[in-house]
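Predicted model, so just to flag it, every value in this text is computed and none were measured. Order of the sequence lines sets the chain letters (A, B, ...), proteins ahead of strands, with each chain counted from 1.
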Protein chains: 2
Amino acid sequence: MPYLPVIALERAGSEPLSAQIVAQMRSSILLGELHVGESVPSTRALAARLGVSRGSVVTAYDQLTGEGYLVSTQGAPTRVAVLVHEGDAALPTQSVVAPKSGPAPVVLDLTPGYPSTRRLSGRAWTAAWRRAAAQPIPHTEPPLQGTMALRTEVAQHLRHARGVLCSIDDIIVTAGTSEALALVAVALQERGGAGAALADRVGRAPLVAVETPGYPAAARVLRRLGVNLVSIPNEADGMPVRALDALANRVDAVLVTPSHQYPLGGRLPVEDRLRLLHWAQRTDAWIIEDDYDSEFRHVGPPLPALASLDNDGRVVLVGSFSKVLTPWLRVGYLVLPERAAVRDALLAVRGDLPGPVSGVVQEAAAALLSSGAVRRHIATARRDYAHRRRLVLESLSSVPGTTLTALDGGLHAVLELADQVVAGLAVSELLRRGIRVADLRDYSAEPVKSAVPAGLVFGYAACNDTALARALDQIRAVTAGTPTPNDGSEPCTAG
Amino acid sequence: MPYLPVIALERAGSEPLSAQIVAQMRSSILLGELHVGESVPSTRALAARLGVSRGSVVTAYDQLTGEGYLVSTQGAPTRVAVLVHEGDAALPTQSVVAPKSGPAPVVLDLTPGYPSTRRLSGRAWTAAWRRAAAQPIPHTEPPLQGTMALRTEVAQHLRHARGVLCSIDDIIVTAGTSEALALVAVALQERGGAGAALADRVGRAPLVAVETPGYPAAARVLRRLGVNLVSIPNEADGMPVRALDALANRVDAVLVTPSHQYPLGGRLPVEDRLRLLHWAQRTDAWIIEDDYDSEFRHVGPPLPALASLDNDGRVVLVGSFSKVLTPWLRVGYLVLPERAAVRDALLAVRGDLPGPVSGVVQEAAAALLSSGAVRRHIATARRDYAHRRRLVLESLSSVPGTTLTALDGGLHAVLELADQVVAGLAVSELLRRGIRVADLRDYSAEPVKSAVPAGLVFGYAACNDTALARALDQIRAVTAGTPTPNDGSEPCTAG
């Protein structure tokens with residue numbers, strides 16, 4: 001008979017036996033005591049073992065199947081399902097991975113940065129692809145900067161959603177933020193080198209200032225492409241401009257997230273934006289504005305993009321549809337500023353490193369934008385995320401010894417903790433319980449992580465409400481218990 | 001009345017007047033005397049001007065419209081159509097561009113490298129996209145190396161089409177050859193640098209040997225990504241290995257097109273392949289095999305890929321579906337060799353520079369491959385291309401002072417000419433006549449082009465038979481006339 005953790009029933013209690021079975025099996029699955037794919041006992045066998053009617057077990061299994069914890073296939077034993085994510089049939093295999101230590105599979109993946117796609121499926125999505133596939137098939141690459149249709153729609157989207165006025169000539173279609181940053185990194189190699197091959201300009205690698213904590217994937221892209229980084233520790237609302245002044249004009253570009261600092265969530269005030277633009281003008285630096293999730297603002301009106309304040313033509317705005325739609329799509333954009341030196345450098349690089357986005361994808365994305373499907377999806381998703389954000393606030397805003405931040409917008413939250421040892425232990429313990437969150441420590445571009453605040457980073461958009469509520473319970477239990485991580489006691493829930 | 005070049009009718013001739021009008025207007029359009037988009041006289045006005053019945057002009061216009069030279073829209077004047085390419089409704093705008101000098105638009109674009117997509121449209125294509133779009137939408141990026149479905153199909157395709165035995169773990173999905181070469185270029189930065197940022201390894205830029213003439217886009221990608229190039233002049237069948245020996249172990253990798261040297265068309269013999277593999281083993285170099293068009297072999301059996309002879313695990317095979325299907329799709333692949341150092345370096349780079357190919361595209365490409373649509377399309381296209389290749393041979397194999405080559409496989413031909421002055425003049429003259437071909441000179445990665453043979457490179461796959469036949473007439477006329485390019489006489493056709 002397949003393994004099943006002990007189920008202890010209270011026969012004298014007011015709760016029906018089937019409900020008790022449901023609660024205990026659900027918790028075994030969430031805690032990783034039952035693994036994905038493992039078969040559970042037959043209803044007959046379990047009923048015999050527990051000494052209850054078979055009907056109670058059937059009722060319990062039905063409910064667990066309905067909730068997505070179990071899968072039953074005709075003629076095969078009932079098994080533990082892959083959990084949590086809404087579009088679970090489409091889950092790529094990597095989202096269910098065994099943690100490095102311990103046997104529990106990750107059943108609740110709260111890795112930050114992922115949107116919900118449940119409401120994206122449907123007629124508008126399939127119609128957009130049908131329309132893109134029905135067109136005559138060109139025998140060439142898509143145009144250098146992207147198809148007219150997509151660039152037209154992106155320009156319109158940016159005007160409506162971000163207050164950025166740009167024409168189709170200003171837009172380069174990219175495969176997302178990483179690809180856009182790769183273009184910028186290669187273009188920066190030209191600064192001062194005037195067309196020479198990178199290798200001939202020994203010792204003149206571009207220097208880019210990045211926020212710390214910041215977006216680790218951005219740092220990896222830039223480093224891979226020959227850029228040196230200097231980390232600027234964030235202050236309350238983002239990058240302190242006077243830290244740039246201290247670098248004495250050696251910085252070629254700065255990468256910032258002014259609308260919603262990633263991951264801490266600050267919003268760069270207007271005075272600091274103007275100061276940053278002025279600094280860039282004075283030092284002839286580029287500003288790379290990573291506008292990664294400002295479509296989802298939960299508190300206060302969104303500030304327009306930094307690029308919209310740029311009178312000097314040196315802000316390269318980078319955005320994507322990864323959070324607005326899904327990173328599965330691999331579509332983003334870069335908005336060229338007015339300054340000819342910046343434009344020409346980026347267009348020349350794109351000429352040599354051709355755009356990787358399929359023409360069919362570009363036409364489908366254009367169709368989604370022009371049909372209003374994207375606008376509608378943003379509105380619906382924003383409501384969903386606002387609701388989940390409330391769940392996060394309700395659950396975690398009063399855990400002793402912690403501070404909940406980054407919730408003004410976007411799809412993730414930060415729970416700051418006492419110190420990095422505490423945070424590291426919490427991440428491990430949650431992983432042991434089958435819940436994956438990120439360690440704020442890993443958001444530093446520096447090898448020495450001590451300058452970064454301690455805490456957890458987790459996404460609340462991709463999972464459904466029920467799974468999120470359960471994960472939040474676990475996070476609360478674990479972090480409320482962490483101030484004394486070595487006392488060996490059971491974690492207690494905060495009062 | 002709209003402009004129309006003089007039409008001189010032979011009223012006493014045996015040819016009907018309408019046929020004479022057709023022939024002369026067609027030639028005016030092909031020669032660029034009538035521009036794309038220009039309106040032509042109404043049937044009534046032209047009939048009056050030529051003194052013929054209106055019916056003759058209506059018949060002529062109908063035929064020209066049927067042949068695609070004219071477009072008539074209800075209520076608007078009849079106009080000169082965008083010509084030549086089969087799927088003309090889908091033509092991206094850049095394929096109709098004014099040449100730098102002279103007013104004639106390019107009406108026949110024989111830029112090499114483009115396939116025919118006419119037979120690609122249809123049920124299998126739309127079904128593949130429908131299938132890909134109908135799947136639940138994941139909220140993550142596609143898997144690091146590509147979706148399982150696509151990698152499974154690519155591995156099978158390579159086994160059938162290229163004799164390469166590889167597993168899905170060996171495949172990285174790319175957006176095409178340029179993107180694959182970018183990955184390799186960045187991975188080569190690690191050689192000897194052991195994880196250090198490029199900028200910290202001053203003066204140690206990787207050195208890659210490339211064929212000259214060779215693929216200019218490849219050279220641009222590699223240079224942009226910090227690779228230094230050394231050009232090896234081709235001998236009859238490709239890269240002479242002893243030229244590599246002369247470089248005394250300083251070369252980190254060599255980029256070769258052993259199946260069908262690009263653009264000259266040689267095929268590296270087995271002894272030279274073994275010698276190349278041996279050289280790479282001795283010097284610890286990587287071999288990048290660009291297998292860009294070997295699905296279309298017209299003469300003799302295809303040799304298996306160089307990678308299939310590689311017992312030492314150092315050949316990185318790069319291929320794409322740009323010629324097999326269309327570059328509009330932006331899908332290709334890289335096959336990892338066995339050697340751990342090479343694999344690990346490439347996978348680490350892919351980890352930092354995430355795959356740009358949309359999951360939907362990957363699923364659609366997998367569906368096209370698994371349904372047999374790709375195999376059927378290759379078979380049909382191969383027949384079409386073989387027929388057009390015969391047209392090229394018939395038209396150009398006996399032009400005095402020229403040598404026709406590169407026709408054993410693929411989608412393009414090379415017409416070698418007396419010297420680079422002659423070739424340059426022929427390219428300009430053809431452009432003046434509205435026909436775009438490439439100058440073999442531009443296939444050198446070196447600033448000094450003298451080492452490269454002189455000639456024209458043109459593609460014969462993308463245009464239809466009729467347009468190709470007309471373009472070949474012009475190429476023959478121009479190149480047969482070029483030995484005395486300054487004599488001011490009309491070009492004569494070769495006897």
Side-chain angles (χ1 to χ4, degrees), chain A residues 85 87 89-95 114-117 120-121 125-126 129-130 132-143 148 175-176 178-179 182 186 189 197-199 202-203 205 220-221 223-228 326-331 349 352-354 356-361 462, chain B residues 85 87 89-95 114-117 120-121 125-126 129-130 132-143 175-176 178-179 182 186 189 197-199 202-203 205 220-221 223-228 326-331 349 352-354 356-361 364 462:
Chain A
H85 293 96
L91 267 188
T93 46
Q94 81 260 39
S95 64
Y114 294 117
S116 167
T117 54
L120 189 57
S121 302
W125 176 264
T126 48
W129 290 99
R130 193 168 53 240
Q135 294 175 23
I137 309 167
H139 61 260
T140 59
E141 302 85 3
M148 288 289 247
S178 291
E179 209 256 321
V186 176
Q189 305 288 348
L198 174 59
V202 157
R220 288 200 298 271
V221 169
R223 282 224 172 92
R224 273 288 178 194
L225 293 167
V227 167
N228 281 339
T326 167
W328 187 253
L329 190 62
R330 309 271 79 207
V331 174
V349 173
D352 288 346
L353 305 178
V357 182
S358 172
V360 184
V361 173
Chain B
H85 294 97
L91 267 189
T93 46
Q94 81 262 37
S95 62
Y114 293 117
S116 167
T117 54
L120 189 56
S121 302
W125 176 264
T126 48
W129 290 100
R130 195 168 49 240
Q135 294 176 22
I137 309 167
H139 62 261
T140 59
E141 302 84 5
S178 290
E179 209 256 323
V186 176
Q189 304 287 350
L198 172 59
V202 156
R220 286 199 298 270
V221 169
R223 283 224 172 94
R224 273 287 178 193
L225 293 167
V227 167
N228 282 336
T326 167
W328 188 253
L329 191 61
R330 310 271 77 206
V331 175
V349 173
D352 288 345
L353 305 178
V357 183
S358 173
V360 184
V361 173

Side chains of Leu353(B) and Leu225(A), heavy atoms from C-beta outward: is any pair under 4.5 Å?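 Leu353(B) reaches Leu225(A) side chain to side chain.
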When you compare the side chain of Pro327(B) with that of Glu141(A), does any pair of heavy atoms fall below 4.5 Å?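 In contact.
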Quick check on the interface: out of Val357(B), Val221(B), Asp352(B), Thr326(B), who has the most heavy-atom pairs with chain A under 4.5 Å? Asp352(B)
Just give me the residue among Ser121(B), Ala364(B), Ala133(B), Ala175(B) that pairs up with chain A most often, heavy atom to heavy atom, under 4.5 Å.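 Sorted descending by pairs with chain A, the first entry is Ala133(B).
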Approximate separation, where rounding is to 0.5 Å, of [X] [atom1] and [Y] [atom2]:
{"X": "Gln135(B)", "Y": "Thr126(A)", "atom1": "CD", "atom2": "OG1", "answer": "13.0 Å"}
{"X": "Ile137(B)", "Y": "Leu120(A)", "atom1": "CD1", "atom2": "CG", "answer": "4.0 Å"}
{"X": "Trp328(B)", "Y": "His139(A)", "atom1": "CH2", "atom2": "NE2", "answer": "11.0 Å"}

Nearest heavy-atom neighbours spanning [X] and [Y]:
{"X": "Arg330(A)", "Y": "Pro354(B)", "value": "NH1-CB, 4.3 Å"}
{"X": "Thr140(A)", "Y": "Tyr114(B)", "value": "CA-CE2, 3.7 Å"}
{"X": "Val186(A)", "Y": "Arg224(B)", "value": "CG1-O, 3.6 Å"}

Residue part contacting chain A, namely of Ser178(B), when any heavy atom lies under 4.5 Å: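 Only the side chain of Ser178(B) comes within 4.5 Å of chain A.
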Taking side chain as everything from C-beta outward and backbone as N, CA, C, O, which of these in Val331(B) sits under 4.5 Å from a heavy atom of chain A? Side chain, backbone, both or neither.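 Neither part, no heavy atoms under 4.5 Å.
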